[in-house]
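Structure record follows, encoded as C-alpha cells.
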Amino acid sequence: EQENPMKKLFIYFLTALFLFMPMQAMAEAKGCGTKNSLFPQPKANLFSIAEDIEAGKTIAKRAEEELEEYFEKPISLVSDEVIESYLADMLSKVLIHAPDGAGEFEYSFILYDHDQHDVRATPGGTIIASLGAVAKATDDDAVAFMLAHEVGHVYLRHFTRKLSLKHSRGQMDKLAGVAISAFKEPPKDTDKSFELDIKIFELSQKELQDLYEYPNALVRVHETEADIFSAFVGTEAGFRTGSTARFYREIPDDPGYGWLDWDAYPNNLVRALIYECISPQRPRAEKETESEDLKKARARAQELLANKK
C-alpha cells in the first residue's frame, strides 16, 4: 500500500512549523557546536560507563551468532585493513568535535559480509558495520554522519538507558510514550544490585530484540537524539549534511534499506529535516567530498561482496 502523498506533505508542514523552524533559528543563532542548548545529553542511568564497555565487549564476542539469527542466514565476520583504516580515520575526525564524555568509551570496528546497509553500535563503543554500508557509501560526508549517529548512541548510553528504564517498568507504565525520556533521576527505591545478576550478557536474540524495541516510543526518541547528535557533531567537524538529508528523503528502492521503514523508527522525512535544519548555513546543493581513501574502501567492500557470491 503506497503512502498518501497529501499525508506526507501534511506531516512535513506540521513538523517544519512546530519543531524544525525553531530548531533552525536556534542553530543559526548559537552555532552548531555541542554547547548549543539543543544538543542532547545523557540521562539518568543505573549502569556505570565501565559496565557499558563490559557489556559491549561481551555482545561483540557474539556478533556473528546474533547477526546470523537476525538475518536467518550464514554470516561471516571480515577483517580488512583498507576498510577498517578508513572507518577509523573518519571516526577520529568525528570524535575530535564530540563532547569530552564521548572519548571515555573504547571504540573499535567489526565488519561482516552482508550487502544490506547496516551499522549498529554496542554499548561501550564497538561499531558493527556491514560491507554493504561501505560499498554503498556515496561520499565522506555521509560516512561521517553515519558514524556520528552511532557515537551518539554510545555517548548517550541508549542501550543501558533502556535497560535501566525497563528495570523500573512499574514506574514507567505510569508515563506516556515520549515522556519516558524526561526522567532526570533514577527511581529512589531501585536496588542497583541487580545490574550484573540479571545476566544481560546471556540474553537470547529474542530477548535482546525485545529490549531494543521497548517501547517503540523510546526507540524513536533515541534515534532522534542520535540524529541530532550526529548533525551537530558532523557539521562542527566540517562535513556537509546534503547527502544524508537526501538519503532520508529518497530512500533507494533497494531491499537493503528496508529496515528504515521499521515502525519504531522516526519518519524518514523528519530525519531529513533534522540534518537540513541544524546546519542551515551549508547549502544543500553544495557538492560532498569523495576522498581517495573512500574510493579504495568502497572498491574493497564491493570486491569482498562480489567474491562471496
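All values below were derived from every heavy atom in this structure, side-chain atoms included, with hydrogens, water molecules and symmetry-related copies excluded.
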Under the criterion side chain to side chain donor-acceptor pair (under 3.5 Å), I'd like the reasoning laid out for Y275 against T235: C-alpha separation, chi angles, the key distance, then a yes or no. CA-CA 9 Å; Y275 286 96; T235 300; over 6 Å; no
Assert yes or no for the condition that the ring centre distance of F71 to H114 is strictly below 6.0 Å.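 Yes, the ring of F71 comes within the 6.0 Å limit of the ring of H114, centre to centre.
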Ring centroid separation F105 to Y155 under 6.0 Å: no
Sequence neighbours left out, what passes side chain to side chain donor-acceptor pair (under 3.5 Å) with [X]? Give chain and number order.
X    : result
Y107 : none
S108 : T126
E68  : none
K295 : E292

Which residues satisfy the salt bridge (charged side-chain N to carboxylate O under 4.0 Å, His left out) test with D293, sequence neighbours excluded?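 Scan of D293 (salt bridge (charged side-chain N to carboxylate O under 4.0 Å, His left out), adjacent residues dropped) gives none.
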With sequence neighbours excluded, tell me which residues meet salt bridge (charged side-chain N to carboxylate O under 4.0 Å, His left out) with R300.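 R300: salt bridge (charged side-chain N to carboxylate O under 4.0 Å, His left out) contacts with D80, E303.
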With H158 via ring-ring contact (aromatic ring centres under 6.0 Å, His included) - residues at least two apart: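 By the ring-ring contact (aromatic ring centres under 6.0 Å, His included) rule, H158 matches H153, H222.
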Residues in ring-ring contact (aromatic ring centres under 6.0 Å, His included) contact with Y86, at least two apart in sequence or another chain: none
Derivation of the salt bridge (charged side-chain N to carboxylate O under 4.0 Å, His left out) call for R62 and E66: CA-CA 6 Å; R62 296 169 42 196; E66 289 186 12; 3.1 Å; yes
Between D139 and T289, does the side chain to side chain donor-acceptor pair (under 3.5 Å) criterion hold? Intermediate values first, please. CA-CA 6 Å; D139 50 72; T289 57; over 6 Å; no
Pair D141, S243: side-chain N/O donor-acceptor within cut-off below 3.5 Å: no
Out of curiosity, T241 OG1 to F247 CZ, how far, rounded to the nearest 0.5 Å? 14.5 Å
Residue pairs passing the salt bridge (Lys or Arg N to Asp or Glu O under 4.0 Å) test where at least one lies in residues 91-105, sequence neighbours excluded: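 Those involving residues 91-105 are D89-K93.
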Salt bridge (Lys or Arg N to Asp or Glu O under 4.0 Å) partners of residues 149-159, not counting sequence neighbours, each pair once: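 Qualifying pairs: D52-R157.
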Residues in side-chain contact (heavy atoms from CB on, under 4.5 Å) contact with L77, at least two apart in sequence or another chain: E64, L67, I110, Y112
Going by side-chain contact (heavy atoms from CB on, under 4.5 Å), name the residues that satisfy it together with A129, two or more places apart in sequence or in a different chain.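 Only L111, V119 meet the side-chain contact (heavy atoms from CB on, under 4.5 Å) criterion with A129.
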